[in-house]
Engineer: 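Take this structure, written in structure tokens, and hold onto it; I'll ask about it next.
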2 protein chains.
Amino acid sequence: MKPGPRRSISQADIVDAAFEIFEEKGGDAVSIRGVAARLGLTPTAMYTYFTSKNALQRAMVEQVFSGVDLAAAGDPSLPWRARVQRLAADLRSRFAEHPGAIVLVASGPLDGRQAMSFGETLLAGFTSEGMPLADAARATAAVRAYVLGAITLDASDSGVDTDAADAPSALWTEATQHPLTEAARLLAADASSDPFASGLDRLLDGFGAAAAAN
Amino acid sequence: MKPGPRRSISQADIVDAAFEIFEEKGGDAVSIRGVAARLGLTPTAMYTYFTSKNALQRAMVEQVFSGVDLAAAGDPSLPWRARVQRLAADLRSRFAEHPGAIVLVASGPLDGRQAMSFGETLLAGFTSEGMPLADAARATAAVRAYVLGAITLDASDSGVDTDAADAPSALWTEATQHPLTEAARLLAADASSDPFASGLDRLLDGFGAAAAAN
DNA sequence: ACCTGAACACCGTTCAAGT
DNA sequence: ACCTGAACACCGTTCAAGT
């Protein structure tokens, strides 16, 4: 309990503690002081592990990306399209475990090692299908955008930070300003059809990625 | 200058002031107190206009979406595909005017009137092509995801909040851990090829949206 | 209705100092 | 190297009160 060079804790411990608070009280509640308190540390001790709150947030993003099984994307027994689907679904699942964590991606550069490896893996897969690098780069960019955007919409729809009171004037209960959106919502409710995979399939169709058996 | 019921200011003025600070000092620097000071108001006066900082941030998102020319999407002289491209590029441009503002989208539900109208417009366009509502809903979801994700990556790549000091350990200068990503980056540098529109085209191809003349 | 001033319970970060 | 304690310059939000 005395001060001194004791390295009582690791960077991973700090990231884990940060996610615990994130899950319990939401993203806005994650503070250097709060994480430090949970670990029995002084706020200033945190700066031994991370140079700033921003750096901690970047490490949190890396932790989410590190949960993606990139090795599975190299499995040659599966067609490439199936492996892209797996990769994409995997990343989406990892973010689903931390609702709202996608904001951390939007708030800074996505240049961590794990995040970079995700892109590299996509690029490797497309080129391995005989796709020229320039085309593979376009396909990779499109898939990355699609997946990140879908995760963003997941978070939006699941009501992250929905304080209800902050909602726009609630007179929409009367007449819907957006009839088609409403109709589509009702239609999707019982169909239990998750458009994520099919949308990605359409995107891969467009890029002429070798189609799976189906 | 005396207190009293003077409505010296509008909600739009507050949003504008918030964006001014956003542009000048970054998203983290936007505070209720700071915006109030810029307008010559007391922080507490702000709560007459917005119930919380969150509500202000939602209004900022709405302001960005309101800059999209939805009417242009109804122009019957253009094929629908061209109008989707226009809509998507327009939204992207509006966010490009406020680098980093995409975080505001990720941090709360996207249920403002302008944001909803954007989706409704996409839905209307796809169905007007004879696409069944269920398919149009999937296409709309995919396009929304693609565009929002692309905007997120725009912000990431343009180095929003890049403090340099927070960057992951900088030993990548030696040997690239991601050779394909690096090769693609070099390849794209001189080509000046913006993959945004072409990626969207591939997505629309996949959904079988009536192709334009090309 | 719109605004002020005081107050509460917090923040991130820096600095000098201890072991 | 790792940690503490004090301090600086801030936050969002609430409350009672004025016009």
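Below, chains carry the letters A, B, ... as their sequence lines are ordered, and counting in each starts from 1. All figures in this text were calculated on a predicted structure; none of them were measured in a lab.
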Engineer: Determine, for B:Asp154 against B:Arg92, whether the closest basic-nitrogen to carboxylate-oxygen distance falls under 4.0 angstrom.
Structural biologist: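 Salt bridge: yes.
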Engineer: Measure from CG on B:Leu56 to P on D:dG12 and round the result to the nearest Å.
Structural biologist: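 Computing the B:Leu56:CG to D:dG12:P distance gives 10 Å.
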Engineer: Strictly by Watson-Crick or wobble contacts shorter than 3.5 Å, is anything paired with D:dC8, and which nucleotide is it?
Structural biologist: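 Looking at the geometry, D:dC8 pairs with C:dG12.
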Engineer: Checking all strands, does B:Thr44 fall into the base, sugar-phosphate, or nothing category for heavy-atom contacts under 4.0 angstrom?
Structural biologist: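 If one applies the 4.0 Å heavy-atom cut-off, B:Thr44 turns out to touch a base.
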Engineer: Rounded off to whole Å, could you give me the CG-to-C1' distance for the B:Asp28 and C:dT13 pair?
Structural biologist: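 It works out to 14 Å between those atoms.
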Engineer: Check the distance between C:dT13's P and A:Ile32's CD1 and give it to me in whole angstrom.
Structural biologist: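 A:Ile32 atom CD1 is separated from C:dT13 atom P by 6 Å.
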Engineer: Counting only side-chain heavy atoms from C-beta out, which of C:dA6, C:dC3, D:dC2 sits nearest to A:Thr48?
Structural biologist: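 The answer is D:dC2.
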Engineer: Report the C-alpha distance between B:Phe22 and B:His98 in whole Å, list the side-chain angles of each, state the deciding distance to 0.1 Å, and finish with yes or no for ring pair (Phe, Tyr, Trp, His ring centres under 6.0 Å).
Structural biologist: CA-CA 8 Å; B:Phe22 194 103; B:His98 307 290; 7.3 Å; no
Engineer: Side chain of A:Thr42, heavy atoms from C-beta onward: which of C:dC3, C:dT13, D:dT4 has the nearest atom to it?
Structural biologist: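 The listed nucleotide nearest to A:Thr42's side chain is D:dT4.
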Engineer: CZ of A:Phe50 versus P of D:dC2: gap in Å, rounded?
Structural biologist: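 Going from A:Phe50 (CZ) to D:dC2 (P), I get 13 Å.
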Engineer: Mapping B:Ala29 and A:Gly40 to their closest nucleotides on DNA chain D, which lands nearer the 5' end?
Structural biologist: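 Its nearest nucleotide lies further toward 5', so the answer is A:Gly40.
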Engineer: Return the value, rounded to whole Å, for the distance between atom CD of B:Gln11 and atom P of C:dA1.
Structural biologist: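 Nearest whole value for this atom pair: 15 Å.
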Engineer: Is there a side-chain contact between A:Glu120 and A:Thr140 in this structure, where contact means two heavy atoms from C-beta onward sitting under 4.5 Å apart?
Structural biologist: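 A:Glu120 does not reach A:Thr140 side chain to side chain.
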Engineer: How close or far is atom C1' of C:dT4 from atom CG of B:Leu39, stated in whole angstroms?
Structural biologist: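 Checked: the CG to C1' distance equals 16 Å.
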Engineer: Does A:Ser31 place a side-chain N or O at less than 4.0 Å from the phosphate oxygens OP1/OP2 of C:dC11?
Structural biologist: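 Yes, such a contact exists.
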Engineer: Inspect the contact between B:Asp90 and B:Arg94 and indicate whether a charged nitrogen and a carboxylate oxygen are less than 4.0 angstrom apart.
Structural biologist: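 Looking at B:Asp90 together with B:Arg94, the answer is yes, because their closest N to O distance falls below 4.0 Å.
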Engineer: Taking atom OG1 of A:Thr152 and atom CZ of A:Phe95, what is their separation to the nearest 0.5 Å?
Structural biologist: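 The OG1 atom of A:Thr152 sits 8.5 Å away from the CZ atom of A:Phe95.
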Engineer: Could you tell me which nucleotide pairs with C:dA17 by Watson-Crick or G-U wobble geometry, both distances under 3.5 Å, or answer none if nothing does?
Structural biologist: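 Its partner is none (no Watson-Crick or G-U wobble pair with both distances under 3.5 Å).
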Engineer: Which nucleotide wins on minimum distance to the side chain of B:Lys53, given the candidates C:dT13, D:dC3, D:dG12?
Structural biologist: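 Side chain of B:Lys53 sits closest to D:dG12.
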Engineer: Looking only at atom P, what distance separates C:dC10 and D:dA9, rounded to whole Å?
Structural biologist: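 So the two P atoms sit 22 Å from each other.
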Engineer: If I take atom CZ in residue B:Arg33 and atom P in nucleotide D:dA9, what distance separates them, rounded to the nearest angstrom?
Structural biologist: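 Computing the B:Arg33:CZ to D:dA9:P distance gives 15 Å.
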Engineer: Figure out the OH/C1' separation between A:Tyr47 and D:dT4, and round it to whole Å.
Structural biologist: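 Rounded to whole Å, this separation is 15 Å.
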